[in-house]
Amino acid sequence: VKKDILTVDGLIKEISDELIGDEILDVKDLLIIPGAVDVHVHLREPGFEHKETVITGTTAAAKGGVTTIMSMPNLNPCPDCLESLKKQLDIIEKDAIVNVFLKVFNEMQGFCGAMPFLADLERRLTEEGRFAEFKEKFEEVYGDAWEDSRQDFDFIQDDVVDVLTAMDFMSEAAARNWCEKASEPYQISIEDFAKRVKAYIERKGNNHHVVFLVDEIGQYIGEDSKLMLNLQTVTEELGKECMGKAWVIVTSQQDIDSVT
C-alpha cells in the first residue's frame with residue numbers, strides 16, 4: 001500500500017493520501033513496518049554482565065528496529081520467583097532514569113541528546129575549545145549545519161572522519177575507529193554520570209550550580225514506590241559528587257507521601 005504518513009513530534013498522526021507537512025521526506029522506495037518483536041533475547045544481567053547488559057541489549061534492539069523483546073531467564077539469580085525477578089526489573093528502571101538525566105544534561109549544553117556517543121565527541125571538542133571550529137568545517141564539507149545533520153550520523157560518517165582529520169583532531173584511522181565504536185550500544189552508570197556533572201560544574205567555576213527539574217513526579221511514580229528509590233539513588237550520587245552544587249527539584253500535584 002502506498003500512502004503518505006504525517007508525523008508530529010516523532011509520532012504518527014495520520015496515514016492518508018496527499019498529506020501536506022512542513023517538511024517532506026521521500027521514502028517511496030522503502031518499506032515502513034511496525035517495530036519488530038524478538039521473543040528470544042539474552043540480556044544476561046544480573047550475573048553475566050561481561051556478556052551483555054540490559055542497557056546494551058535494549059539499545060542494540062532499538063537501533064535494529066526491534067521495539068519489543070522477551071528476555072530469557074539465564075541469569076544469576078534466575079528470575080524464577082518474584083524476588084529474583086525484581087532484581088532485573090530494578091536494573092531496567094535504574095538505567096532508564098539515568099539515561100533520561102543524561103539526555104537532558106547533554107541537551108542543556110547544546111550537545112546531541114538522542115545519541116550520547118555524539119555528545120561525548122562534542123563534549124571533548126568543547127573541552128579543547130574546538131567545537132566551533134568543527135561545526136564550521138563540517139558545514140563547509142557537508143553543506144548543512146552540524147546540528148541539522150547529526151541525527152543522520154550513520155549516513156555522514158565519512159564527512160565526520162574528513163573533518164576530524166582535516167582539523168588534526170584525530171588521525172583518519174582513529175576517527176574511523178571511533179565511528180565504528182559509536183554504533184555500539186551506549187552505557188553509563190549513575191556514578192559516572194554524577195562525575196560528569198561534577199566536571200562540568202568545576203569547568204564553569206564561579207560557584208556554578210546545576211538544577212534538574214522533574215515535572216509531575218507523582219504521575220511518573222504512580223503506585224510503584226521503587227521508582228522513587230531509583231530517583232533517590234541518582235539524587236544522592238549527585239549530592240555526594242557535586243557537594244550540593246547539583247540539585248534535583250521535583251513538582252507534583254499529588255502529595256508525595258500519598259504516592260510513596
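Atom set for the values below is all heavy atoms of this structure, side chains included, hydrogens, waters and symmetry mates excluded. Keep in mind that what you see is a predicted model, and the values were worked out from it rather than measured.
Separating the NZ atom in K87 from the CD atom in E45 is a distance of 12.5 Å, to the nearest 0.5 Å. Put simply, CH2 on W178 and CZ on F169 are 10.0 Å apart, with the number rounded to the nearest 0.5 Å. Here the straight-line distance linking atom NZ of K245 with atom SG of C242 works out to 9.5 Å at 0.5 Å rounding. To the nearest 0.5 angstrom, K137 atom NZ is 12.0 Å from T165 atom OG1.
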_Residues E147, K135; criterion side chain to side chain contact (heavy atoms under 4.5 Å, CB included); working and verdict_ = CA-CA 8 Å; E147 288 84 351; K135 290 192 287 186; 3.1 Å; yes

*Take I5 and L19 through the test side chain to side chain contact (heavy atoms under 4.5 Å, CB included) and record every step on the way to the result.*
CA-CA 7 Å; I5 299 177; L19 294 173; 5.8 Å; no

*Under the side chain to side chain contact (heavy atoms under 4.5 Å, CB included) rule, what do V250 and L231 come out as? Steps first, then yes or no, please.*
CA-CA 10 Å; V250 303; L231 178 59; 4.2 Å; yes

*Stepwise, does the side chain to side chain contact (heavy atoms under 4.5 Å, CB included) test hold for V210 with W247?*
CA-CA 6 Å; V210 171; W247 293 18; over 6 Å; no

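For I24, the CD1 atom is loosely surrounded, since the number of other residues' heavy atoms within 6.0 Å does not exceed 12. In the displayed structure, E140 atom CD is contacted under 6.0 Å by more than 12 heavy atoms of other residues, nucleotides or ligands. Within 6.0 Å of CD1 in I249 there are more than 12 heavy atoms belonging to other residues, nucleotides or ligands. Counting heavy atoms of neighbouring residues, nucleotides and ligands inside a 6.0 Å radius, atom CG of L30 exceeds 12 of them.
With contacts defined as side-chain heavy-atom distances shorter than 4.5 Å, the pair L43/I69 qualifies. Put simply, the side chain of F101 reaches to within 4.5 Å of the side chain of F212, judged on heavy atoms. A heavy-atom distance below 4.5 Å is not found between the side chains of E83 and K86. When side chains are defined from C-beta on, F155 counts as touching D152, because their heavy atoms get closer than 4.5 Å. Contact of the H42 side chain with the K51 side chain is not registered, since no non-hydrogen atoms from C-beta on lie closer than 4.5 Å. For the pair L238/V248, a side-chain contact is recorded, criterion being any heavy-atom separation below 4.5 Å from C-beta on. For the pair T68/D38, no side-chain contact is recorded, criterion being any heavy-atom separation below 4.5 Å from C-beta on. Between D4 and D17, every side-chain heavy-atom pair lies at or beyond the 4.5 Å cut-off.
No path of Ile, Leu, Val, Met, Phe, Trp and Tyr side chains, each step under 4.5 Å between heavy atoms, connects F138 with V161, placing them in separate hydrophobic clusters. Both L102 and V104 are assigned to one and the same hydrophobic cluster, defined by single-linkage of ILVMFWY side chains at heavy-atom distances under 4.5 Å. One hydrophobic cluster holds both L25 and I15 under the rule that ILVMFWY side chains link at heavy-atom gaps under 4.5 Å.
Nearest heavy atom pair, residue M167 against residue R130, reads O-NH2, 2.6 Å. What you find for I188 and V98 is that their closest heavy atoms are O-CG1, 4.0 Å. Nearest heavy-atom pair across M170 and L121 is CE-CD1, 4.4 Å. Shortest non-hydrogen contact noted between I156 and S149 is CD1-O, 3.5 Å. For the residue pair Q151 and M115, the shortest heavy atom distance occurs at CA-CE, 3.3 Å. Contact detail for P73 and C78: the closest heavy-atom pair is O-SG, 3.5 Å.
With N76 contributing its side chain and G47 its backbone, the two residues share no donor-acceptor pair below 3.5 Å. Side-chain N or O atoms of Q109 include one that pairs as donor or acceptor with a backbone N or O of F105 at under 3.5 Å. Between the side chain of D26 and the backbone N or O of K28, at least one donor-acceptor pair lies under 3.5 Å. Looking at H209, its side chain does come within 3.5 Å of a backbone N or O of N207 through a donor-acceptor pair. No donor-acceptor pair closer than 3.5 Å links the side chain of N106 to the backbone N or O of A119. Side chain of E122 to main chain of C112: a donor-acceptor pair is present (N/O by atom type, distance under 3.5 Å, no hydrogens or angles).
Taking a cutoff of 4.0 Å between a charged side-chain nitrogen and a carboxylate oxygen, D120 and R196 qualify as a salt bridge. Taking the charged nitrogens against the carboxylate oxygens, R176 and E172 do have a contact shorter than 4.0 Å, which makes a salt bridge. A salt bridge is defined here as a Lys NZ or Arg NE, NH1 or NH2 lying under 4.0 Å from an Asp or Glu carboxylate O, and E128 with R124 meets this definition. Classification of R44 and E49 as a salt-bridged pair fails, no side-chain N sitting under 4.0 Å from a carboxylate O. The pair E107-K103 meets the salt-bridge criterion, since a charged nitrogen lies less than 4.0 angstrom from a carboxylate oxygen.
Ring pair W146/F134: centre-to-centre distance below 6.0 Å. Taking the six-membered ring for Trp and the full ring otherwise, the centers of F117 and F153 sit less than 6.0 Å from each other. Remark: aromatic rings of Y200 and H208 are close, center separation under 6.0 Å.
For the pair K195 and F193, the NZ or CZ position fails the cation-pi test of under 6.0 Å to the six-membered ring centre and within 45 degrees of the ring normal.
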